[in-house]
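Whatever order the structure lists them in is the order used to number ligands and atoms, beginning at 1. This chain uses plain numbering: 1 for the first residue, then up along the sequence.
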Amino acid sequence: MAGKINKMNSALIGLQWGDEGKGKLVDNLAGSFDAVCRYQGGANAGHTVIYKGEKLSLHLIPSGIFHQNKLSIIGNGVVIDIVQLIKEIEELKQRGIKINDNLKISKRSHLILPSYFEEEKEMKDKIGTTARAIGPAYSNKILRKGIRMGDINSPDYLSKFNLPPEYLKTLESFRRNYGHMITDTVELLRKMLKDNKKIIFEGAQGVLLDIDFGTYPYVTSSNPTPGGILTGSGIPPNTISTIIGVTKAYTTRVGRGPFPTRMEKETEELIRNTGDEFGATTGRPRNCGWLDLVALKFSSWISGVTEIALTKIDALDKLPEVKIATAYEIDGEKQEYFPSEVWKLEKANPIYKSFPGWNNTKSVKEYNNLPEEAKAYMKFIEDFLEVNIRYISTGRERGDLIRV
Ligand code: IMP
């Protein structure tokens with residue numbers, strides 16, 4: 001029995017195909033928690049945070065790192081590119097951000113080995129991956145061929161793997177400089193929950209990229225859904241009380257795969273530019289579309305979402321009309337449920353509800369100051385999903401956030 005522990009922890013989950021603005025939310029919310037924990041994915045993530053006016057992209061380190069007295073934890077479910085991790089630590093340090101005892105990395109997290117990048121090449125073209133060798137890292141883990149962070153403490157153990165000498169040197173240098181960060185994070189989290197500390201779990205990617213529930217095979221290789229928190233951090237299932245589902249006020253997608261609500265070219269280009277829709281990890285232009293409530297109904301159900309964070313509403317400013325998909329038409333039939341088959345989704349024609357546009361939500365700080373048209377748009381989303389919108393992001397700055 002666990003005895004008395006803190007069960008009021010939170011999770012922040014992307015409800016779309018990633019890039020929902022989770023980084024900004026975590027950065028804003030971290031102040032109310034004692035630790036931020038990543039539980040899946042790897043350096044394929046690009047969590048953008050505006051720090052002292054500068055746009056910074058975090059790939060592996062949790063977005064709570066800018067709060068000096070909070071712990072940042074990389075759980076066992078994350079796959080680690082050690083070269084990228086060193087780069088990220090050094091870059092943050094150069095900006096005067098303290099990284100020392102405030103970053104902890106699970107001994108059980110798997111390393112992305114140099115040979116995995118060769119394996120990745122095929123998938124980069126097929127799926128449009130981020131080329132971060134995420135698929136090979138998870139598949140080698142499942143094949144039981146992987147090496148884990150805790151293993152870098154034993155040169156004897158490593159010698160069994162025929163690793164390139166350069167890579168061994170990198171591992172050794174990491175161990176020397178940052179070895180103290182590698183720890184048993186299951187025990188760390190247990191102690192924190194026992195001490196009544198509060199944790200927020202930071203999802204990477206989104207539900208529609210989940211290996212089980214996403215638009216397979218055009219997905220990533222981990223579980224961004226809350227199930228991933230349990231296997232990717234080792235906390236008991238009954239310790240999360242709040243699940244914040246993050247969605248943009250519209251939809252974006254990078255990489256290949258079906259995208260039923262994609263906008264026609266002209267509007268897409270407009271949104272891409274106003275919303276700065278270019279990948280934080282790869283720089284790729286993101287495809288843009290209208291909000292898809294068929295997909296969101298599914299992803300918020302799977303995630304057990306208790307509240308919604310709606311981001312980038314300001315990117316829709318000044319459009320004469322905004323649209324929301326409420327159902328699909330597939331082979332002449334109306335379908336309200338998100339299909340599991342990618343070939344069905346490829347044929348889906350969205351059935352839209354149209355809303356009058358609005359002029360200005362940019363940097364609005366109070367709900368009451370939002371245009372009535374934007375409020376009506378959000379009310380429709382809440383009613384459809386049967387979940388309240390708790391946060392509205394109105395711009396890229398830290399303070400551009402309404403708490404409803
Ligand atoms: P992978 O995760 O690099 O294997 O890529 C698989 C798919 O997930 C591709 O379509 C990527 O574009 C997408 N993807 C992975 N990470 C992210 C992310 O953080 N944001 C958006 N898309 C992502």
*Heavy atom of Ala45 under 4.0 Å from ligand 1?*
yes

*Please verify whether a non-hydrogen atom of Tyr218 lies at under 4.0 Å from ligand 1.*
no

*Worked verdict on Ile152 versus Phe174 for side-chain contact (heavy atoms from CB on, under 4.5 Å)*: CA-CA 9 Å; Ile152 75 174; Phe174 187 86; 4.0 Å; yes

*Do Val207 and Gln16 touch side chain to side chain, with heavy atoms closer than 4.5 Å?*
no

*Kindly confirm or rule out an N or O of Arg256 lying under 3.5 angstrom from an N or O of ligand 1.*
no

*asked:* Over 60° means perpendicular and under 30° means parallel, so tell me whether Phe338 and Tyr328 are parallel, tilted or perpendicular.
replied: tilted

*Can you tell me which residue pairs pass the salt bridge (Lys or Arg N to Asp or Glu O under 4.0 Å) test with a partner in residues 198-212, sequence neighbours excluded?*
none

*Quick check: does Thr130 get an N/O under 3.5 Å from an N/O on ligand 1?*
yes

*Trp17 neighbourhood, listing ligand 1 atoms whose heavy-atom distance to it stays under 4.0 Å*: 21 (C), 22 (N)

*May I ask you to check whether Trp17 and Tyr218 place their ring centers less than 6.0 Å from one another?*
no

*Going by the atom numbers of ligand 1, which of them fall below 4.0 Å from some non-hydrogen atom of Arg284?*
11 (C), 12 (O)

*Any N or O of Val254 that comes nearer than 3.5 Å to an N or O of ligand 1?*
yes

_I'd like to check which ligand 1 atoms, numbered from 1 as shown, lie under 4.0 Å from a non-hydrogen atom of Gly255._
10 (O), 12 (O)

_Backbone or side-chain N or O of Arg132 under 3.5 Å from ligand 1 N or O_ = no

*Counting heavy atoms only, which of Leu209, Leu208, Thr220, Ile211 is nearest atom 23 (C) of ligand 1?*
Leu209

*Any idea which of Val79, Asn44, Thr215, Thr282 brings a heavy atom closest to atom 19 (O) of ligand 1?*
Asn44

*Could you tell me if any non-hydrogen atom of Gly128 lies under 4.0 Å from any atom of ligand 1?*
yes

*More than 12 non-hydrogen atoms from neighbouring residues, nucleotides or ligands closer than 6.0 Å to CD on Gln68, yes or no?*
yes

_Measuring only between side-chain heavy atoms, which start at C-beta, is Ile13 closer than 4.5 Å to Pro226?_
yes

_Pairs of nitrogen or oxygen atoms closer than 3.5 Å, one from Thr129 and one from ligand 1: do any exist?_
no

*Please write down residue, atom name and distance for the protein heavy atom closest to atom 7 (C) of ligand 1.*
Val219 O, 3.8 Å

_Run the salt bridge (charged side-chain N to carboxylate O under 4.0 Å, His left out) test against Lys24 and tell me which residues pass, sequence neighbours left out._
none

*Hey, is Thr281 one of the residues with a heavy atom under 4.0 angstrom from ligand 1?*
no

*asked:* Can you report which non-hydrogen protein atom sits closest to atom 17 (C) of ligand 1, along with the distance?
replied: Gln205 CG, 3.6 Å

*ring pair (Phe, Tyr, Trp, His ring centres under 6.0 Å) with Tyr377: which of Trp290, Phe384, Tyr250, Trp358?*
Trp358

*Given side chains that start at C-beta, do those of Thr242 and Met8 come closer than 4.5 Å, heavy atoms only?*
no

_atom 20 (N) of ligand 1 [closest protein heavy-atom partner, distance rounded to 0.1 Å]_ = Asp19 OD1, 3.0 Å

*asked:* Measuring from atom OG1 of Thr48 to atom CG of Asp276, what distance do you get when rounded to the nearest 0.5 angstrom?
replied: 8.5 Å

